[in-house]
Amino acid sequence: MAHRIMIVDDSRAMRTFIRRVIDLSGLAVTECIEACNGRDAIDKLREQKIDAVLSDINMPEMDGEEMLRSLSQDEQLRKIPVIIVSTDASSNRMEQMKALGARGYLGKPFRPEELRDAVEESIGTTHD
């Protein structure tokens, strides 16, 4: 089954990079939706069905931590798996984000297979 993935990052270059990594990963994706910060992501999540979110932490207006807090308070949106994609891969930060509801955490840089595995694990599918 192909999935709809949202990429949340304030850097257009990073969103483009992540999209390319998704293409290389072998993950079955029908569409990648982009958002420039957490607020933009939440607005878009309310408008359309998304299977998983790949989000940076440090963004203006609403960062990834604030986005996770907001999603956890929304009955429908809290079910959408969020995977944090960040340069801060310290164990403390990873634990903090998972405590807020993140289902996965990828430290930048990451390999296509790592992204694929994290998405598949978070949505309950496996790669053939």
Side-chain angles (χ1 to χ4, degrees):
M1 181 170 102
H3 307 288
R4 298 184 77 210
I5 306 294
M6 177 178 284
I7 303 167
V8 186
D9 198 300
D10 58 316
S11 166
R12 180 183 299 267
M14 185 53 66
R15 292 191 310 264
T16 300
F17 171 77
I18 292 172
R19 185 183 290 254
R20 287 185 185 147
V21 173
I22 289 170
D23 290 343
L24 294 171
S25 74
L27 187 65
V29 175
T30 57
E31 186 176 11
C32 284
I33 293 86
E34 296 184 12
C36 60
N37 60 52
R39 187 166 320 286
D40 185 29
I42 288 171
D43 290 343
K44 290 177 178 177
L45 288 168
R46 287 190 174 120
E47 295 172 358
Q48 53 197 307
K49 183 185 180 317
I50 302 294
D51 297 304
V53 175
L54 301 169
S55 179
D56 189 19
I57 298 174
N58 300 313
M59 299 175 284
E61 195 170 332
M62 179 185 275
D63 65 23
E65 184 175 329
E66 293 170 307
M67 182 186 77
L68 281 171
R69 289 184 201 281
S70 183
L71 290 174
S72 71
Q73 296 172 8
D74 187 298
E75 188 66 35
Q76 290 183 301
L77 299 183
R78 77 171 59 145
K79 298 172 186 172
I80 301 168
V82 177
I83 300 160
I84 298 297
V85 180
S86 177
T87 55
D88 183 354
S90 68
S91 59
N92 287 341
R93 189 61 154 165
M94 293 168 83
E95 288 173 25
Q96 179 187 27
M97 297 283 84
K98 287 186 177 183
L100 291 172
R103 297 224 197 132
Y105 201 107
L106 290 171
K108 294 177 188 172
F110 50 88
R111 295 185 332 266
E113 299 80 18
E114 293 172 309
L115 183 140
R116 181 197 66 222
D117 293 347
V119 170
E120 287 178 343
E121 182 177 315
S122 74
I123 58 180
T125 61
T126 56
H127 185 71
D128 294 332

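With hydrogens and angles ignored, the 3.5 Å screen pairs no side-chain donor or acceptor of Arg4 with any backbone N or O of Glu31. In this structure, the side chain of Ser70 does not engage the main chain of Glu66 through any donor-acceptor pair within 3.5 Å.
More than 12 heavy-atom neighbours from other residues, nucleotides or ligands sit within 6.0 angstrom of CD on Gln48.
Inter-residue side-chain proximity for Leu54 and Met6 is flagged as unmet; no heavy-atom pair is nearer than 4.5 Å. Annotation: side chain of Ile33 is in contact with side chain of Lys44 (closest heavy-atom distance under 4.5 Å). Using a 4.5 Å cut-off on side-chain heavy atoms (C-beta onward), Met62 and Ile42 make contact. At a threshold of 4.5 Å between non-hydrogen side-chain atoms, the residues Asp63 and Asn58 do not count as touching. With a 4.5 Å cut-off on side-chain heavy atoms, Leu100 and Arg69 count as touching. Counting heavy atoms from C-beta on, the side chains of Ile5 and Ile50 never come closer than 4.5 Å. Within the 4.5 Å cutoff, side-chain heavy atoms of Arg93 are placed close to those of Gln96. You'll find the side chain of Ser55 reaches within 4.5 Å of the side chain of Met67, heavy atoms only.
Under the side-chain contact (heavy atoms from CB on, under 4.5 Å) criterion, Leu24 pairs with Pro112, not counting sequence neighbours. Looking at residues two or more places apart in sequence or on another chain, you find a side chain to side chain donor-acceptor pair (under 3.5 Å) between Lys49 and Asp51. Glu114 meets the salt bridge (Lys or Arg N to Asp or Glu O under 4.0 Å) test with Arg111; sequence neighbours excluded. In this structure Glu34 satisfies the salt bridge (Lys or Arg N to Asp or Glu O under 4.0 Å) test together with Arg15, Arg19, sequence neighbours excluded. Applying the side chain to side chain donor-acceptor pair (under 3.5 Å) rule to Arg46 yields the partners Asp74; only residues at least two apart in sequence or on another chain are considered. Residues meeting the side chain to side chain donor-acceptor pair (under 3.5 Å) test with Ser90, sequence neighbours left out: Asp88. Legend: residues meeting side-chain contact (heavy atoms from CB on, under 4.5 Å) with Arg78, ordered by chain and number and at least two apart, are Glu75. Asp10 is linked by a salt bridge (Lys or Arg N to Asp or Glu O under 4.0 Å) to nothing, counting only residues two or more places apart in sequence or in another chain. For the side chain to side chain donor-acceptor pair (under 3.5 Å) test, no residue two or more places apart in sequence or in another chain qualifies with Gln73. Residues that satisfy the side-chain contact (heavy atoms from CB on, under 4.5 Å) test with Glu61, not counting sequence neighbours, are Asn37, Arg39. Under the side-chain contact (heavy atoms from CB on, under 4.5 Å) criterion, Lys108 pairs with Asp9, Met14, Asp56, Val85, Thr87, Phe110, not counting sequence neighbours.
Cluster annotation: Met97 and Ile83 are assigned to distinct hydrophobic clusters (Ile/Leu/Val/Met/Phe/Trp/Tyr, side-chain heavy-atom contacts under 4.5 Å, transitive).
If you take CG on Leu106 and OG on Ser86, they are separated by 10.5 Å, rounding to the nearest 0.5 Å.
Residue Leu68 forms a side chain to side chain contact (heavy atoms under 4.5 Å, CB included) with just one option from Ile84, Val53, Ile57, and that option is Ile84.
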